[in-house]
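Report on one structure; see the data block that follows.
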2 protein chains.
Amino acid sequence: MELPEAKLKFIEAWGKLGSEWGINRTMAQVHALLLVTPDALTTEEIMESLSISRGNANMTLRELMGWGLVEKHHKAGERKEYFFADKNTWNIARQVAKERRKRELEPVLKILDELTKVKGDNKHPDYKTFNTTVTDINKMAKNVDKTLDAMLKAEESWFWGSIFKMFK
Amino acid sequence: MELPEAKLKFIEAWGKLGSEWGINRTMAQVHALLLVTPDALTTEEIMESLSISRGNANMTLRELMGWGLVEKHHKAGERKEYFFADKNTWNIARQVAKERRKRELEPVLKILDELTKVKGDNKHPDYKTFNTTVTDINKMAKNVDKTLDAMLKAEESWFWGSIFKMFK
DNA sequence: TCAAACTTTCAAAAATTTTTGAAAGTTTAT
DNA sequence: ATAAACTTTCAAAAATTTTTGAAAGTTTGA
């Protein structure tokens with residue numbers, strides 16, 4: 001397989017995976033494009049490469065910056081904005097973990113904490129099932145939260161090293 | 001807060017979280033409903049509770065069974081089918097991990113392995129960036145794969161116990 | 001100050017996903 | 001064999017998400 005074809009395959013696969021995980025396909029594709037491009041690209045170049053509109057490119061890049069995955073670069077003496085993706089995989093994973101924790105896990109944890117406090121009679125199967133389920137899910141969500149927190153602070157090699165020590 | 005309201009809140013929150021993670025909101029809601037219901041429910045009861053159509057209920061329940069999260073129960077002397085959700089949180093997490101690994105991670109790993117093999121000249125920044133990025137992502141994806149595999153085989157308390165020993 | 005170069009906005013259109021519900025299919029009891 | 005009880009299917013409709021592109025906005029240099 002040649003490089004250009006391989007790049008397209010990567011972009012396609014990344015887009016698909018993104019869409020399966022609740023991330024807009026185009027956003028994942030723009031990210032993938034920047035990940036396999038050594039230097040920063042202009043909006044124009046991204047539009048061209050992926051055949052998307054200016055509006056879409058602009059919006060997607062803004063969101064990628066919001067996720068902390070892409071940054072704007074400027075070249076001396078040029079007005080154009082260039083977009084560049086951090087290519088460190090561990091940084092990317094941490095950044096995504098950090099954002100999803102904040103945006104999705106934290107709100108759910110807040111609700112679960114409330115629901116855990118609902119009072120009732122354990123003799124009523126309805127209440128008992130509700131309470132047990134919510135309490136259990138809350139515990140698991142808190143464990144996930146703590147694990148993500150640790151991951152955010154960790155060094156990649158240490159993290160995987162420790163994980164693999166666990167089950168050998 | 002009273003139980004009925006709390007149930008609705010839980011169903012809503014679960015539906016929202018699901019939709020953010022690429023799982024159909026209704027499917028997550030049906031799952032949530034069954035999770036807080038002590039006994040098995042009929043299609044009719046689910047339709048009623050969540051105000052959804054027969055077709056939708058049927059399709060959603062079939063999918064939940066496909067994910068291994070819900071099973072059909074039969075009551076002696078009745079023709080109706082009853083649907084029941086396993087309420088063990090660790091089982092649920094493992095089941096979801098298992099399915100997503102099979103459906104989403106494995107196909108991506110296959111593509112990444114191929115892309116890793118693409119030959120080129122490391123003097124060309126384009127090739128070098130592509131190769132480095134894809135190789136790195138491949139490594140990370142393999143680590144995730146191994147971790148999930150371990151999780152699938154693990155006992156809940158042992159798993160979290162080991163994780164927490166890591167960062168204390 | 002002006003206009004060229006560039007970015008952002010957002011209402012409307014397109015694409016995609018989800019839902020509906022009536023009809024077709026199946027199973028069971030008589 | 002039939003009808004009642006129940007489940008499944010799927011084309012069309014509705015809802016939602018994504019994309020477009022032209023107009024408005026901004027910045028810069030002359």
Side-chain angles (χ1 to χ4, degrees), chain A residues 11-12 14-34 40-67 69-84 100 103-104, chain B residues 11-12 14-34 40-67 69-84 100 103-104:
Chain A
I11 290 167
E12 200 195 333
W14 214 236
K16 188 168 180 237
L17 188 65
S19 74
E20 287 165 341
W21 284 81
I23 284 152
N24 175 339
R25 164 182 247 91
T26 301
M27 181 172 145
Q29 288 183 336
V30 170
H31 188 219
L33 171 63
L34 291 173
L41 295 179
T42 62
T43 301
E44 214 74 37
E45 289 168 320
I46 292 164
M47 287 165 60
E48 167 93 2
S49 281
L50 301 176
S51 307
I52 61 174
S53 70
R54 185 174 300 284
N56 197 3
N58 184 272
M59 196 207 173
T60 293
L61 286 164
R62 192 158 12 116
E63 230 191 311
L64 281 167
M65 290 190 294
W67 278 79
L69 297 171
V70 163
E71 48 190 41
K72 268 187 196 168
H73 280 188
H74 291 279
K75 294 196 178 174
E78 287 210 41
R79 283 192 53 192
K80 255 179 286 184
E81 297 181 326
Y82 288 80
F83 297 91
F84 180 81
R100 297 203 86 149
R103 298 173 189 207
E104 294 147 16
Chain B
I11 290 168
E12 200 195 334
W14 214 235
K16 185 162 182 245
L17 189 66
S19 74
E20 287 165 341
W21 284 81
I23 282 151
N24 176 338
R25 164 182 248 90
T26 302
M27 183 172 142
Q29 288 183 335
V30 170
H31 188 220
L33 171 63
L34 292 173
L41 296 179
T42 62
T43 301
E44 214 74 38
E45 291 168 319
I46 292 164
M47 287 164 59
E48 166 93 3
S49 282
L50 302 176
S51 308
I52 61 175
S53 70
R54 186 173 300 284
N56 196 3
N58 184 272
M59 197 207 172
T60 292
L61 286 165
R62 193 159 10 117
E63 231 193 311
L64 280 168
M65 290 190 295
W67 279 79
L69 298 172
V70 164
E71 49 190 41
K72 266 185 198 171
H73 280 188
H74 292 278
K75 294 195 180 175
E78 288 210 42
R79 283 191 54 191
K80 256 179 287 184
E81 297 181 326
Y82 288 80
F83 297 91
F84 180 82
R100 297 202 87 148
R103 297 173 189 206
E104 294 147 16

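As a basis for the values below, the full set of heavy atoms in this structure was taken, side chains included, without hydrogen atoms, waters or symmetry mates. A note on names: the letters A, B, ... follow the listed sequences, proteins ahead of strands, and every chain is numbered from 1.
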Would you mind writing out the side-chain donor-acceptor pairs for residues 20-34 of chain A within the sub-3.5 Å range, not counting sequence neighbours?
unit_1 : atom_1 : unit_2  : atom_2 : d
W21(A) : NE1    : E104(B) : OE1    : 3.0
N24(A) : OD1    : T26(A)  : N      : 2.8
R25(A) : NH1    : S19(A)  : OG     : 3.3

Nearest-nucleotide check on DNA chain C, M59(A) vs E78(A); residue mapping nearer the 5' end is E78(A)
In Watson-Crick or G-U wobble terms, with both distances under 3.5 Å, the base opposite dC2(C) is dG29(D)
Heavy-atom closest pair (K80(B) atom, H74(B) atom, distance to 0.1 Å) is O-ND1, 4.0 Å
Less than 3.5 Å apart, which donor and acceptor atoms pair up between the side chains of residues 40-47 of chain B and the rest of the protein, not counting sequence neighbours?
unit_1 : atom_1 : unit_2 : atom_2 : d
T42(B) : OG1    : E45(B) : N      : 3.1
T42(B) : OG1    : E45(B) : OE1    : 3.3
E44(B) : OE1    : R54(B) : NH1    : 3.4
E44(B) : OE1    : R54(B) : NH2    : 3.3
E44(B) : OE2    : R54(B) : NH2    : 3.0
E45(B) : OE1    : T42(B) : N      : 2.8

Min and max contacting nt of DNA chain C in 5' to 3' order, chain A heavy atoms within under 4.0 angstrom, are dA4(C) to dT9(C)
Give me the distances for all protein-to-nucleotides 27-30 of chain D N/O pairs that come in under 3.5 Å?
unit_1  : atom_1 : unit_2 : atom_2 : d
dT27(D) : O2     : R79(A) : NH1    : 3.2
dT27(D) : O2     : R79(A) : NH2    : 2.7

Going by heavy atoms in the side chains, are F83(B) and K72(B) under 4.5 Å from each other? yes
Taken to the nearest 0.5 Å, the spacing of W67(A) CH2 from L64(A) CG works out to 9.5 Å
Ordered by number, residues from residues 19-30 of chain A within less than 4.0 Å of DNA chain C (heavy atoms) are none
Sorted by chain and residue number, the salt bridge (Lys or Arg N to Asp or Glu O under 4.0 Å) partners of R62(A) (sequence neighbours excluded) come out as none
One should read off an interatomic distance between L61(A) CG and N56(A) CG, to the nearest 0.5 angstrom, of 9.5 Å
dA22(D) -> Watson-Crick or G-U wobble partner, both distances under 3.5 Å, gives dT9(C)
To the nearest 0.5 Å, atom CE of M65(A) lies from atom OG1 of T60(A) at 10.5 Å
